[in-house]
Amino acid sequence: MPKLPFSFYQDTDVNSLALQLLGKQLFTLIDGRLTGGTIVETEAYNGIEDKASHAYGGRLTNRTSIMYQSGGVSYVYLCYGIHHLFNVVTAPEGIPHAVLIRGVEPAAGLDIMLERRNMTALKPNLTAGPGALAKALGIDKGLNAKDLLGEEIWIEDNRITIAGQLVAASPRVGVDYAGDHALLPWRYYIKGNKFVSKPNS
DNA sequence: GTGCGGATGAACT
DNA sequence: GTTCATCCGCACT
């Protein structure tokens, strides 16, 4: 399947892109080992206007600078000192929008993902949740700021569009610190999919 | 230089 | 439901 083109990532509507990323396929190729899966859960982070975003208020630091790049690159950071979280940077240069990938359904390299997670059998928690899927796919800070049209981490267009009635929207997870913005329904997931991290109905 | 707390997950009670 | 692992980005002194 072809990689999603640069143009895909330039949309300034980050919620639209978070929806469009559902059903697409995320892959990594690390040390010759291919792993990947279908994106089933995302969250939109709307740049400088979004209190839950690292770039809220136009904050520009060494860490967040990647968010201001043209869409189509990775933003990986360490959360709670333990978990790496993977985001897709979107929108043209200067607009720090990003989509957090929160769940994928395994599609390639299952044995490798099990090994990375110290698991022996496929269970939903292999790749349900942003920290879990990053570990399964071998994503860490070494994959920060990578071109998503490159050879280490990329997203393929499988020509599948998830019908609107199969998608649910809900408030984002773990962003209580964002006050009123914590209530915005900017988390999207495929209803009923086992690899969605939390409530799904 | 110091201190706080986080876009989580797993193991407990 | 609660606890805790475990790091560093970031704001402030």
Side-chain angles (χ1 to χ4, degrees), chain A residues 14-15 17-19 21-22 26 35 37 39-69 71 73-91 95-106 113-146 148 153 155 168-189 193-200:
Chain A
V14 70
N15 278 280
L17 275 175
L19 275 165
L21 282 167
L22 292 176
L26 171 66
T35 53
I39 296 169
V40 300
E41 180 181 357
T42 61
E43 281 179 1
Y45 285 84
N46 191 32
I48 65 174
E49 302 171 10
D50 184 353
K51 292 178 185 175
S53 170
H54 294 157
Y56 175 59
R59 188 166 51 183
L60 176 57
T61 66
N62 194 53
R63 181 176 67 151
T64 64
S65 62
I66 188 63
M67 300 176 76
Y68 292 80
Q69 296 299 307
V73 297
S74 63
Y75 169 42
V76 179
Y77 76 99
L78 183 64
C79 187
Y80 296 107
I82 305 171
H83 306 289
H84 291 278
L85 273 59
F86 168 70
N87 296 253
V88 177
V89 173
T90 70
I95 301 176
H97 290 178
V99 176
L100 172 67
I101 307 302
R102 291 191 53 90
V104 304
E105 179 170 337
M113 293 194 284
L114 287 169
E115 175 191 324
R116 288 180 178 142
R117 297 273 288 124
N118 291 118
M119 294 170 61
T120 53
L122 174 59
K123 292 184 293 184
N125 72 347
L126 177 70
T127 52
L133 75 87
K135 188 172 182 187
L137 295 183
I139 296 170
D140 61 19
K141 294 201 73 176
L143 285 185
N144 185 220
K146 294 292 184 183
L148 295 178
I153 182 167
I155 300 174
S170 77
R172 293 171 292 180
V173 177
V175 295
D176 292 347
Y177 61 85
D180 51 325
H181 288 184
L183 301 175
L184 296 168
W186 288 356
R187 169 179 176 240
Y188 304 99
Y189 58 90
N193 188 283
K194 295 185 181 64
F195 297 90
V196 172
S197 65
K198 292 208 166 160
N200 70 78

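No hydrogens, no waters, no symmetry mates; every other heavy atom, side chains included, goes into these values. Protein chains get the first letters and strands the later ones, always in sequence-line order, with residue 1 at the start of each.
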> In Å, rounded to the nearest 0.5 Å, how long is the span from CZ of A:Arg63 to CG of A:Leu78?
Replying inline: 9.5 Å
> Separation of A:His83 atom NE2 from C:dC8 atom C1', in whole Å?
Replying inline: 15 Å
> Are OP1 or OP2 of C:dG9 and a side-chain N or O of A:Arg59 less than 4.0 angstrom apart?
Replying inline: no
> At under 4.0 Å between heavy atoms, what does A:Ala132 touch on the DNA or RNA strands: base, sugar-phosphate, or nothing?
Replying inline: sugar-phosphate
>> In whole Å, I'd like the distance from the OH atom of A:Tyr45 to the P atom of B:dG6.
In response: 13 Å
>> At less than 4.0 Å, is any side-chain N or O atom of A:Tyr80 found next to OP1 or OP2 of B:dG9? Yes or no.
In response: no
> Can you find a side chain N or O atom of A:Arg187 that sits less than 4.0 Å from OP1 or OP2 on B:dA7?
Replying inline: no
> What's the CZ-P distance between A:Arg102 and B:dA7, to the nearest Å?
Replying inline: 11 Å
>> Nearest whole Å is fine: how far is C:dG9 P from A:Leu60 CG?
In response: 15 Å
> Over how many whole Å does the gap from A:Lys141 atom NZ to C:dC8 atom P extend?
Replying inline: 8 Å
> Can you name the nearest heavy-atom pair linking A:Arg116 to A:Lys135, along with the distance?
Replying inline: O-CE, 3.1 Å
> Can you check the A:Asn118 CG to B:dG9 P distance for me, whole Å?
Replying inline: 16 Å
>> Please determine whether a side-chain nitrogen or oxygen atom of A:Lys123 lies at a distance below 4.0 Å from atom OP1 or OP2 of B:dA10.
In response: no
>> What is the distance, to the nearest angstrom, from the CD atom on A:Glu43 to the C1' atom on B:dT8?
In response: 12 Å
> Contact class for A:Gly81 (heavy atom, under 4.0 Å): base, sugar-phosphate, or nothing?
Replying inline: base
> Contact class for A:Lys51 vs. all strands (heavy atom < 4.0 Å): base, sugar-phosphate, or nothing?
Replying inline: nothing
>> Does C:dG9 have OP1 or OP2 under 4.0 Å away from a side-chain N or O of A:Thr61?
In response: no
>> OP1 or OP2 of C:dA11 versus the side-chain N and O atoms of A:Arg63: is any pair under 4.0 Å?
In response: no
> Taking atom CG of A:Asp180 as the centre, does the number of heavy atoms from other residues, nucleotides or ligands within less than 6.0 Å exceed 12?
Replying inline: yes
> If you round to the nearest 0.5 Å, how far is CG of A:Leu100 from CD of A:Glu41?
Replying inline: 8.0 Å
> What nucleotide among C:dT6, B:dT8, C:dG9 has an atom nearest to a side-chain atom of A:Ile82?
Replying inline: C:dT6
> What distance, rounded to whole Å, do you find between the two P atoms, one in B:dT2 and one in C:dT6?
Replying inline: 23 Å
> Expressed in angstrom and rounded to an integer, what is the separation of A:Tyr56 atom OH from C:dC10 atom P?
Replying inline: 17 Å
